[in-house]
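Below, chain A is the first sequence line, B the second, and so on; all start at residue 1. Excluded from the calculations below are hydrogen atoms, water molecules and symmetry mates; all remaining heavy atoms, backbone and side chain alike, are included.
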Number of protein chains: 2
Amino acid sequence: MEPEPTYSDDGMQPPARLRALTSWQASKVSLLGTRMTAQHMPLTARADFAVLAALEEYGELSQADLGRRLGLDRNEISGIVTRLHRDHHLDRHVDPDNRRRNVVTLTASGKRYLEEIQHHTDTVQNELLVGLTAAERRQLNALLTKLLSSHKTQSA
Amino acid sequence: MEPEPTYSDDGMQPPARLRALTSWQASKVSLLGTRMTAQHMPLTARADFAVLAALEEYGELSQADLGRRLGLDRNEISGIVTRLHRDHHLDRHVDPDNRRRNVVTLTASGKRYLEEIQHHTDTVQNELLVGLTAAERRQLNALLTKLLSSHKTQSA
DNA sequence: GGTCAACGTTGATACTCCCAACATAGCATA
DNA sequence: TATGCTATGTTGGGAGTATCAACGTTGACC
């Protein structure tokens, strides 16, 4: 049922100048992940996941440390933490040793929420990598890790 | 000159749950590319680059075809084409064979603009991949290409 | 001729990132 | 002690991108 002329989908490739660009490829992969994620959970759950995962792995953290760990701006952390605190997924209290800091800790509810998001995340990850073998997935992860680590030292 | 306690930067890693996620890695690589790009040109030049590259490789295209080639929404293409046309980087005329379509073609000015952006883009690409060997860069490109091609067929 | 689909445009909404303030709080040195 | 600099958390504005919905125009199919 195509009233309009259809072109061969094989030829529907992006231009070579874009296919050669790592940053363009990365943005498209990221977008695919975003679209798949949106089908399983609200998009804000991705930011929640990052904060909850950091707290679960490293224990209590200040909001500034959370931002440095995750590469997110302070104002983003502020919003995410406020939302998670409202839903009782974490505790927030002023550090008595440094009263500028808000020390944030995971609650039992937050841990449950984290594992729930983890489950959906695993689904998305498998769907995203469906075309790659296990060895290729490891290679891809290693290469991206190496690329990112070569830039991690200089940006907050 | 650090009045505050400093933590070892080696330990400043994102949580393992994020490091394992391809979509998170991809978004961070994309963000790095965006930041580097912003230091060489206005960010809108990235969208311009995509449209100009498609026209240069495939010749005249309708706006809808441009959107399908580049994975961009029609309204985005509309804005980009309007901007490029305003700056005389492309011609836009109604297709006489199908008067719904706007056929877009590259001008000499547009070709020059494309090559100018290409130059900055090469710089960013090299800076982004500075930590990888030539073989690793080829591997990474091949893996991302394979990942993307396994999803290309089903989304516009 | 009527129905449906494609096209281009405009608008609204959401998410992310960046930058700039601001008030509070701690450190460092004079 | 007093001054200045930095860190922290919060709030707000702005830009770029993506999604969805409408609308009028145009073409194809029945």
Side-chain angles (χ1 to χ4, degrees), chain A residues 1-7 23-24 26-28 30-39 41-48 50 61-68 70-83 85 92-104 155-156, chain B residues 1-7 23-24 26-28 30-39 41-51 61-68 70-83 85 92-104 155-156:
Chain A
M1 276 316 118
E2 325 256 331
E4 302 298 317
T6 42
Y7 313 84
S23 70
W24 182 84
S27 79
K28 286 307 180 185
S30 172
L31 178 56
L32 275 175
T34 300
R35 284 207 268 240
M36 293 175 183
T37 300
Q39 291 186 339
M41 39 181 168
L43 279 180
T44 54
R46 288 186 310 171
D48 297 346
L61 289 171
S62 73
Q63 296 185 191
D65 285 340
L66 273 169
R68 281 185 285 265
L70 304 173
L72 297 179
D73 204 89
R74 298 201 303 271
N75 60 7
E76 295 231 18
I77 299 292
S78 181
I80 301 164
V81 165
T82 297
R83 184 174 60 242
H85 182 248
R92 169 159 60 169
H93 58 88
V94 172
D95 184 349
D97 292 341
N98 187 341
R99 302 190 47 254
R100 292 172 299 184
R101 297 188 156 209
N102 274 346
V103 176
V104 178
S155 98
Chain B
M1 277 319 114
E2 324 259 328
E4 302 298 318
T6 41
Y7 312 85
S23 69
W24 182 84
S27 78
K28 286 306 180 186
S30 172
L31 179 56
L32 274 176
T34 300
R35 285 205 269 239
M36 292 175 183
T37 299
Q39 291 186 338
M41 41 183 166
L43 280 181
T44 54
R46 289 186 308 173
D48 297 347
F49 181 70
V51 167
L61 289 172
S62 73
Q63 296 186 190
D65 285 340
L66 272 169
R68 280 186 286 266
L70 303 174
L72 297 179
D73 203 89
R74 299 202 301 274
N75 61 7
E76 294 229 20
I77 299 292
S78 181
I80 301 165
V81 166
T82 297
R83 184 174 61 240
H85 182 248
R92 168 159 60 169
H93 58 87
V94 172
D95 184 349
D97 294 340
N98 187 341
R99 304 191 44 255
R100 293 172 297 183
R101 297 188 156 209
N102 274 347
V103 175
V104 179
S155 99

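- In this structure, the separation between CD1 on B/Ile80 and CD on B/Gln63 is 10.0 Å, given to the nearest 0.5 Å.
- A 4.5 Å side-chain heavy-atom check between B/Met41 and B/Thr37 finds at least one atom pair inside the cut-off.
- Here A/Arg35 contributes atom CZ and A/Ser30 contributes atom OG; the two are 10.5 Å apart, rounded to the nearest 0.5 Å.
- Remark: B/Phe49 CZ to B/Leu70 CG distance equals 11.0 Å, nearest 0.5 Å.
- With 3.5 Å as the limit, one finds no donor-acceptor pair spanning the side chains of A/Ser62 and A/Arg100.
- Counting to the nearest Å, the C1' atom of D/dT17 and the CG atom of A/Leu32 are 15 Å from each other.
- Side chain of B/Ser78 to backbone of B/Arg74: no donor-acceptor contact under 3.5 angstrom is found.
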Shorter than 3.5 Å, N or O on both sides, protein versus nucleotides 21-25 of chain C: list them out with atom names.
residue: C/dA25; atom: OP1; partner: A/Arg99; partner atom: NH1; Å: 3.4

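- The shortest distance between side-chain heavy atoms of A/Asn102 and A/Val94 falls below 4.5 Å.
- Summarising the geometry, atom OG belonging to B/Ser27 is positioned 7.0 Å from atom CZ belonging to A/Arg46; distances are rounded to the nearest 0.5 Å.
- To the nearest angstrom, P of D/dT8 lies 16 Å from CZ of A/Arg92.
- Atom CD in B/Gln39 sits about 19 Å away from atom P in D/dA15, given to the nearest Å.
- Here the rule is side chain to side chain contact (heavy atoms under 4.5 Å, CB included) with A/Ile77, and of A/Leu66, A/Leu61, A/Asp65 only A/Leu66 fits it.
- Distance CD1 (B/Ile77) to C1' (C/dC7): 13 Å, rounded to an integer number of Å.
- Computed from coordinates, the B/His85 NE2 to C/dG8 C1' distance equals 15 Å when rounded to whole Å.
- Put simply, CG on A/Leu66 is 18 Å from P on D/dA7, counting in whole angstrom units.
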Can you give me the N/O atom pairs linking the protein to nucleotides 13-19 of chain C at distances under 3.5 Å, or say none if there are none?
residue: C/dT16; atom: OP1; partner: A/Arg46; partner atom: NH2; Å: 3.3
residue: C/dC17; atom: OP2; partner: A/Glu76; partner atom: OE2; Å: 3.4
residue: C/dC18; atom: OP1; partner: B/Arg35; partner atom: NH1; Å: 2.8
residue: C/dC18; atom: OP2; partner: B/Arg35; partner atom: NH1; Å: 3.3
residue: C/dC18; atom: N4; partner: A/Asn75; partner atom: ND2; Å: 2.9
residue: C/dC19; atom: N4; partner: A/Asn75; partner atom: ND2; Å: 2.6

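- Taking the nucleotide of DNA chain D with the nearest heavy atom to each of B/Pro96 and A/Asn102, the more 5' of the two is matched to A/Asn102.
- Checking C/dG8, C/dT9, D/dT8 against the side-chain heavy atoms of B/Ser78 singles out C/dT9 as nearest.
- The residue B/Thr82 sits apart from the nucleic acid: no heavy atom pair falls under 4.0 Å.
- In this structure, A/Asp65 places its CG atom 13 Å from C1' of D/dG9, rounding to the nearest Å.
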